Each structure stands twice: as structure tokens, then as C-alpha cells.
Amino acid sequence: MLQVSYIRNNKEEVVAGLKKRAWNDDRIKVLDQVIKVDDLRKEQKTELDQLFATVNTLSGKIGMLFKEGKREEAEAQKAEVSAVKERSKVIEEALKQTEHQLTELLYTIPNVPDAKVPAGASEDDNEVFQDWVKDMPNLPENALPHWDLMEKYNLVDFKMGVKITGAGFPLFRGKGAKLQRALINFFIDEAEAAGYEEIIPPLLVNEASGIGTGSLPDKEGQMYHAEKDNLYLIPTAEVPITNMYRGDILDPSVFPIKLSGFTPCFRREAGSYGSDVKGLNRVHQFDKIEIVQIQHPDHSMDTLGEMLEHVKMLLDKLELPYRILTLCGGDLTFASSLTYDFEVFSAAQEKWLEVSSVSNFKTFQSNRMKLRYKDANGKKHLAHTLNGSALALARIFAALLENNQTEDGIRIPEALRNYTRFDYIK
RNA sequence: GGAGGAGUGGCAGAGCUGGUUGAAUGCACCGGUCUUGAAAACCGGCGUGCGUGAAAGCGUACCGGGGGUUCGAAUCCCUCCUCCUCCGCCA
């Protein structure tokens, strides 16, 4: 979430940012409301502190009087304190409500888009940052979409997933399971080679972690909730991994912190329908290797570039055609300031599938989770957090099948053969 | 799941028969003196949030979280969480 001080001091910038997200003037009024509520908060805090100070002074006096044996005087003072105490209770309650109200308001305001973000209301306004200029896969006449290929070669069993769990929970089997595991290991190894520490985090997180990365309350309905224990199934490894540093005050010498984690990801995807959900295009459970960096604000943009290069390298090695989009304001996620989406061309269904999203959240997440660093003068500042998928598996799996189908079966890209230990799926 | 014990500043560890205790002491860390340099020794500093202020500072809150008793709580009470020990169960 944004800092109130930031909204106060950079209001023009925030307004311009929200407009990029296609916010109308009416919605933007929430900024004034925030400042108003914060003014009230300060007022109440000042009064409450004064009341407490009075109580403290009087209580000290009473203590002294008791020591000196002046009981009667002490009793008289007690009555006075009680009156002040009553008033402070009222103010304290009011302050609590004001603070709550302020937080609720701040939760409704998304991150300010970076200067590079184009204005726009929907995905139609995303800009192509880097297009695919080389050849597209040359598929045979009778090329099949991945859902047919999976059935033909018995790689993924959706019916079984439905039987065991429900729609959108694919069951990988045989060579399909092996290919999936090969991809996982390939991505983990590449992340390690790029200097990321490997993390295997918990798959369930508590409420504080969900709030820290902005999954709560913004995407409440997107996550599976284990209500009995008030825990949430992670929608991405970003949540547990970034929260490792929640509340920390770091020494800048630790930057950049580079972490990667492989986890299954769980998303309810309520309201999705149509051809978008066919096959592996959109599922409730998928595997993903996430890369996370925590960085000094001065270097976070360079870091974003570095993460982009990492994802490009992975796709190059997998020989998949891809393009990179700069998300427009309207398509940008709530917490992000700048996001590049990677889309892979799945040749048989002739669709671009999003396989990675690389974002700089700047201080939006770190403000929520109070992740800071101390500069040389001992001053505390919010750190920048970044993350990206490297990569999301279900869709990569789909594109690999479609793009590499031949008369002799499905060809495995060179880079994966050490992992699959087979060259073709026949 | 049952029984018991414990949670204090970066760490260790006092305080816990309620009253200048934001909190002794040691270590670590930072600055200084000394030294050719280092170590040792000595001196000083060393938490976080909020409010106020140009700043220094001042005020206030925080001793696992929340609530209560009291004029006043790290200290008493309730509740939740976490950790440790023993028993049970178990991959």
C-alpha cells in the first residue's frame, strides 16, 4: 500500500498514476479522504498522548504521596486521574477506529504505475515491448492442440483429476509426469546458476503473509482458504518467499537478496470460462518456479532488467517463440508498478499464452510488510521487492507439446533431454 | 491429543512480594582515547512505531499477541499464539 506521506507529498503523481489505471475523478477522491482521515488521526493521537502524559504525572505524584504517608491527599488525586482516564478511553477508542478506517482506505488504492507504463483500461492497451521476429513453428497438416496430444500420448489425465478433485486439477502421468518434473528441475537449476538461493516454502500461509504481498484483501476470492485454521493456499511462491523478510530492517550490504522457489500454485479462478480454460490454459493447480529479489531502490530497475533477461534465456533454451508485453495501467496488478508479461505462442491453438509476469513492486509490498533497510546515516527506508515467474509450468507444457509435434512424436528440446532422458514422446 | 515449563532490547540474561525500569549486567556493534599498526584497556553511543519540531529534542506507546484489575503493570488476572520437556499417536 502507499504511504500517506507519499500521497500527501506527491499527490499530482498519484493522481496521474491512478488515471493511467483508468480511474475516474470520482474514484480518485479517495486520496482526499485519506488525507482527511489521517489529519483526524494525528489530532486524536496528539490529544491522547497529552492525556496519557497527565495520567503519568499524576500517578507519579500519588506514588510519592503514599511514600510520604499523605494518604488523604493521595486519595484526592486518584479521583482526578479517574476523570482524565475516562476521557482517554473515549479518545483511544476513536483513534483505533480512525486508524482502522485509514488502513481500509489505503487498501483500496493500488500502486502508482511507473513512467514506462502506458495508460489503458484493459489488456487491449498493453504494448508489445519485444516481439517475436524469428520463424514460427512449422506444424504438420494434422497438428493437434495440446489437450488432444495429452490424450493421444497419455500424458495428462483430466478425467482422473475431475474424479479425484474436480475440474482444473490435472493429473500428470507417465512421460507427462516425467516431462513436468524435467521442466521443474531445469528451471530450478537455471535459477541457481543465476545466483538465486533455492527455497521450498510452506504451501499454506497465514493472513499476515497474505496481506504482506497484497494478496489480501485485494485477491481474497482468488485464494483457497482453509477456514478452520485461517490459512490460505498460496497462489504463487511469491507470497511465502517475499514474506520471509516481513518486518525486517536490513543492512544494505545484503542487497540484492535473490531467492527462487518451486511450488504448486493454487488459484480459484472464479468466473473464468470459455476457450481460455481449455486444457492446460487455465487450471486451479499448476507448478511454478518463482524468482524473487529484494533490492535497494536505486538498483531495482536494473534488477528488473536482469530478471527479464533470465526469463528470455529460459524460453530461448526451450526454443519457444515468445513476445514480451508492457502491461498498461488497466491490466497492471494491484500491487505492481511495472510489469512485463511473457507470452509463448502455442502454435496449434494459435494462441499467445502468458507464462511469466515479471514485476517491480517498488515500495508497495514493503510498506505493507514494513520491509526496510537502514542507510549509512541510520535512516530507515522501504526496500523494493520484485518477482517473476521463471517459469509457470502448465502453459509451457502445453506450448511444448503443440510446437514440437512431429510425425515421429513430440520432440523434446535439447536443453531438456538431460532431464527427461528421452528425446521423443511416442 | 494429555501433563508440565517458558516467552524481556542483535544475542545472552536480571527484574516478575506493582510506583523515575525502555528496562540491570555481559557479549556483539558503532565512535573516540591509547598504540608504529592491531589486540587489550578505558570513555561515550547503541531498539521500534506514532505525535510534535527545520533540527536537537520533547511527548507517548511497546518486555510473544489481545483483553482486564489498579491512581499506577515487564511485574497480578483472563485468553490466544509460539517454543521446550515428558506421555500418546504417526509419515
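Given the structure is predicted, the values throughout are model-derived calculations rather than measurements. Every chain is numbered from 1, with letters handed out A, B, ... down the list of sequences. Note: hydrogens, waters and symmetry copies are ignored here, and every other heavy atom, side chains too, is used.
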For [X], answer base if it contacts any base atom (sugar-phosphate contacts may also be present), sugar-phosphate if it contacts only those atoms, and nothing otherwise; contact means non-hydrogen atoms under 4.0 Å.
{"X": "A/Lys380", "value": "sugar-phosphate"}
{"X": "A/Lys42", "value": "sugar-phosphate"}
{"X": "A/Leu58", "value": "nothing"}

Quick one: do the A/Asn281 and A/Gln349 side chains pair a donor with an acceptor below 3.5 Å?
->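 There is such a pair (donor and acceptor under 3.5 Å, judged by atom type) between the side chains of A/Asn281 and A/Gln349.
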Atom NZ of A/Lys61: over 12 foreign heavy atoms under 6.0 Å = no
Within 6.0 Å of NZ in A/Lys370, more than 12 heavy atoms from elsewhere = yes
Provide the distance between the two [atom1] atoms, one in [N] and one in [M], to the nearest whole Å.
{"N": "B/rU79", "M": "B/rG7", "atom1": "C1'", "result": "16 Å"}
{"N": "B/rG47", "M": "B/rU21", "atom1": "C1'", "result": "15 Å"}
{"N": "B/rG2", "M": "B/rC89", "atom1": "C1'", "result": "11 Å"}
{"N": "B/rC87", "M": "B/rA73", "atom1": "C1'", "result": "37 Å"}
{"N": "B/rG66", "M": "B/rG18", "atom1": "P", "result": "24 Å"}
{"N": "B/rA6", "M": "B/rA14", "atom1": "P", "result": "12 Å"}
{"N": "B/rC63", "M": "B/rC76", "atom1": "C1'", "result": "16 Å"}
{"N": "B/rC34", "M": "B/rA40", "atom1": "C1'", "result": "11 Å"}

Distance, rounded to the nearest Å, where [X] contributes [atom1] and [N] contributes [atom2]:
{"X": "A/Asn377", "N": "B/rA55", "atom1": "CG", "atom2": "P", "result": "15 Å"}
{"X": "A/Glu93", "N": "B/rG67", "atom1": "CD", "atom2": "P", "result": "10 Å"}
{"X": "A/Asp49", "N": "B/rG53", "atom1": "CG", "atom2": "P", "result": "13 Å"}
{"X": "A/Lys85", "N": "B/rU70", "atom1": "NZ", "atom2": "P", "result": "10 Å"}
{"X": "A/Phe52", "N": "B/rA73", "atom1": "CZ", "atom2": "C1'", "result": "14 Å"}
{"X": "A/Arg41", "N": "B/rU52", "atom1": "CZ", "atom2": "P", "result": "8 Å"}
{"X": "A/Ile62", "N": "B/rG72", "atom1": "CD1", "atom2": "C1'", "result": "7 Å"}
{"X": "A/Phe66", "N": "B/rG18", "atom1": "CZ", "atom2": "P", "result": "14 Å"}

Is the distance from OP1 or OP2 of [N] to the nearest side-chain N or O of [X] less than 4.0 Å?
{"X": "A/Arg372", "N": "B/rG47", "result": "no"}
{"X": "A/Lys374", "N": "B/rC30", "result": "no"}
{"X": "A/Asn56", "N": "B/rG72", "result": "no"}

Pairing partner of [N] (Watson-Crick or G-U wobble, both distances under 3.5 Å):
{"N": "B/rU35", "answer": "none"}
{"N": "B/rA54", "answer": "none"}
{"N": "B/rG1", "answer": "B/rC87"}
{"N": "B/rA28", "answer": "none"}
{"N": "B/rA14", "answer": "none"}
{"N": "B/rC76", "answer": "B/rG68"}
{"N": "B/rG7", "answer": "B/rC81"}
{"N": "B/rG22", "answer": "none"}

Please work out which of the three classes, parallel, tilted or perpendicular, describes the rings of A/Phe334 and A/Phe364, given edges at 30° and 60°.
->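 Perpendicular, since the angle between the ring planes exceeds 60°.
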Between OG1 on residue A/Thr326 and CG on residue A/Leu338, distance to nearest 0.5 Å =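 Between A/Thr326 OG1 and A/Leu338 CG, I get 7.0 Å after rounding to 0.5 Å.
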Regarding A/Lys426 and the six-membered ring of A/Tyr424, is the cationic atom NZ or CZ under 6.0 Å from the ring centre and inside 45° of its axis?
->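 A/Lys426 over A/Tyr424 ring: yes.
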Which residues in residues 94-103 of chain A have at least one heavy atom lying under 4.0 Å from any atom of RNA chain B?
->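 The answer is A/Lys96.
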Residue whose nearest RNA chain B nucleotide is more 5′ - A/Gly63 or A/Leu48 = A/Gly63
Nearest-nucleotide wise, let me know which of A/Thr46 and A/Lys89 is further upstream toward the 5' end of RNA chain B.
->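 The answer here is A/Thr46.
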Report the nucleotide, chosen from B/rC50, B/rU52, B/rC71, that has the shortest atom-to-atom distance to any side-chain atom of A/Lys45.
-> B/rC50
Pair A/Phe397 and A/Phe172, ring centroids less than 6.0 Å apart = yes
Taking the six-membered ring for Trp, are the ring centroids of A/Tyr373 and A/Phe255 within less than 6.0 Å of each other?
-> yes
Give a yes or no on whether a salt bridge exists between A/Lys89 and A/Glu92, defined as a side-chain N under 4.0 angstrom from a carboxylate O.
->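 A salt bridge is absent here (no side-chain N lies under 4.0 Å from a carboxylate O).
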If you take all heavy atoms of A/Thr108 and A/Trp23, which pair is closest and at what distance?
->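 Scanning both residues, the minimum pair turns out to be O-CH2, 3.4 Å.
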